[in-house]
Amino acid sequence: MTSHSVTPTYADLVAAVRESDVKAQALIGELTEDQVREPSGLPGWSRGHVVTHLSRNADALGRFVAGVRSGESGEMYPGGPDARNAAIDEGADRPAELLALDYRFSGTRLVDALADLPTDRLDTPVPWRKPVTAFDLPILRWNEIEIHLLDLDIGYTCHDWPAEFVEFTLASQLGALETAVPGVRVPSLSDAETLAWLVGRPTRVGLPTLPAWPF
């Protein structure tokens with residue numbers, strides 16, 4: 001990533017996502033059969049659910065990339081939320097090795113597709129849950145990887161987040177916070193802990209309650 005004083009380019013963002021993806025591949029690849037069956041940090045989801053969600057999210061964002069290239073916008077999850085949830089439930093109980101292989105393939109395929117996206121298409125609107133453009137696609141994936149690595153509950157914490165991720169994401173989330181929750185008091189925490197609070201993963205009790213992330 002570039003210096004904090006410079007707005008990252010699209011290529012910077014893709015490079016950062018690739019680094020996070022490689023790290024996630026290694027961490028997911030170390031999960032044992034017992035670990036993938038155990039509860040994650042997300043209510044009702046095992047670690048297998050979290051890994052499967054990350055894989056299917058890669059496929060979903062890949063559909064956006066394909067739509068940007070073809071000029072035909074597609075659904076993120078064909079069939080809507082019910083189909084999305086069913087796919088995650090179906091895949092969650094697979095053997096640890098298959099979960100890791102699925103993540104490695106889908107994650108790498110998405111990063112490669114992002115890297116190959118023509119620069120003259122980066123302002124193309126993308127039908128995410130709020131208005132974004134193709135430029136934002138690596139940002140969406142970066143958020144998914146880094147935040148859900150916390151949810152695996154395997155010792156990866158907000159203090160393990162890349163400094164560039166914390167700085168970039170904190171700036172955007174603090175900007176959105178004032179609109180979503182006018183007048184909210186931002187607690188005095190480290191940047192990483194502040195970001196964890198903003199995205200619904202508070203590191204301590206007693207912090208101001210926020211609406212469900214993302215804003």
Tell me yes or no: between the side chains of Thr9 and Asp12, is some donor less than 3.5 Å from an acceptor?
yes
Flag, side chain of Glu178 to backbone of Gly183, donor-acceptor distance under 3.5 Å
yes
Is the side chain of Asp102 donor-acceptor paired with the backbone N or O of Leu99 at a distance under 3.5 Å, no angle test?
no
Regarding Asp21 and Tyr103, do their side chains bring together a donor and an acceptor under 3.5 Å, going by distance alone?
yes
Mind listing the closest non-hydrogen atom pair of Trp142 and Phe168 along with its distance?
CZ3-CD2, 4.0 Å
Would you say the side-chain atoms of Arg37 pair up with the backbone N or O of Asp34, donor to acceptor, closer than 3.5 Å?
no
For the pair Arg69 and Asp116, find out whether any cationic side-chain nitrogen is under 4.0 Å from an anionic carboxylate oxygen.
no
Side-chain donor-acceptor pair present, His49, Thr52, cut-off under 3.5 Å:
no
What pair of heavy atoms forms the shortest contact from Pro138 to Val17, and how long is it?
O-CG2, 3.1 Å
Shortest non-hydrogen contact from Asp120 toward Asp123
O-OD1, 3.9 Å
Ala92 to Ser46 - nearest heavy-atom pair and separation
CB-OG, 4.3 Å
Taking atom CZ of Arg56 and atom CG of Asn85, what is their separation to the nearest 0.5 Å?
13.5 Å
I would like to know whether Leu210 and Leu177 meet side-chain contact (heavy atoms from CB on, under 4.5 Å); could you show each step before the answer?
CA-CA 9 Å; Leu210 299 177; Leu177 176 65; 3.8 Å; yes
Using side-chain contact (heavy atoms from CB on, under 4.5 Å), reason through Thr108 and Gln25 one step at a time and then give a plain yes or no.
CA-CA 9 Å; Thr108 301; Gln25 288 181 31; 3.0 Å; yes
Point-to-point distance, once rounded to the nearest 0.5 Å, from OG of Ser20 to CD of Glu164
9.5 Å
Which side-chain N or O atoms in residues 147-157 pair as donor and acceptor under 3.5 Å with protein atoms at least two apart or in another chain?
unit_1 : atom_1 : unit_2 : atom_2 : d
His148 : ND1    : Asp151 : OD2    : 2.8
His148 : NE2    : His53  : NE2    : 3.3
His148 : NE2    : Glu144 : OE1    : 3.2
Asp151 : OD1    : Arg201 : NE     : 3.1
Asp151 : OD2    : Arg201 : NH2    : 2.7
Tyr156 : OH     : Lys23  : NZ     : 2.6
Tyr156 : OH     : Glu146 : OE1    : 2.5
Tyr156 : OH     : Asp160 : O      : 3.2
Thr157 : OG1    : His159 : N      : 3.1

Quick one: pull up CG in Leu117 and OH in Tyr10 and give me the separation to the nearest 0.5 Å.
4.5 Å
Nearest heavy-atom pair of Val181 and Pro211: which atoms, and what distance?
CG2-CD, 3.4 Å
Hey, what do you get for CD (Glu38) to CG (Leu31), rounding to the nearest 0.5 Å?
9.5 Å
Take a 6.0 Å sphere around CD of Glu97 and say whether it holds more than 12 heavy atoms from other residues, nucleotides or ligands.
no
Which distance, rounded to the nearest 0.5 Å, do you find between the CG of Leu13 and the CD1 of Ile139?
5.0 Å
CG of Asn57 to CZ of Arg84, rounded to nearest 0.5 Å, is 8.5 Å
Could you check whether Thr203 and Trp197, counting side-chain N and O atoms only, form a donor-acceptor pair closer than 3.5 Å?
no
Testing the basics here: between Trp128 and Val132, what is the closest heavy-atom pair and its distance to 0.1 Å?
CB-CG2, 3.6 Å
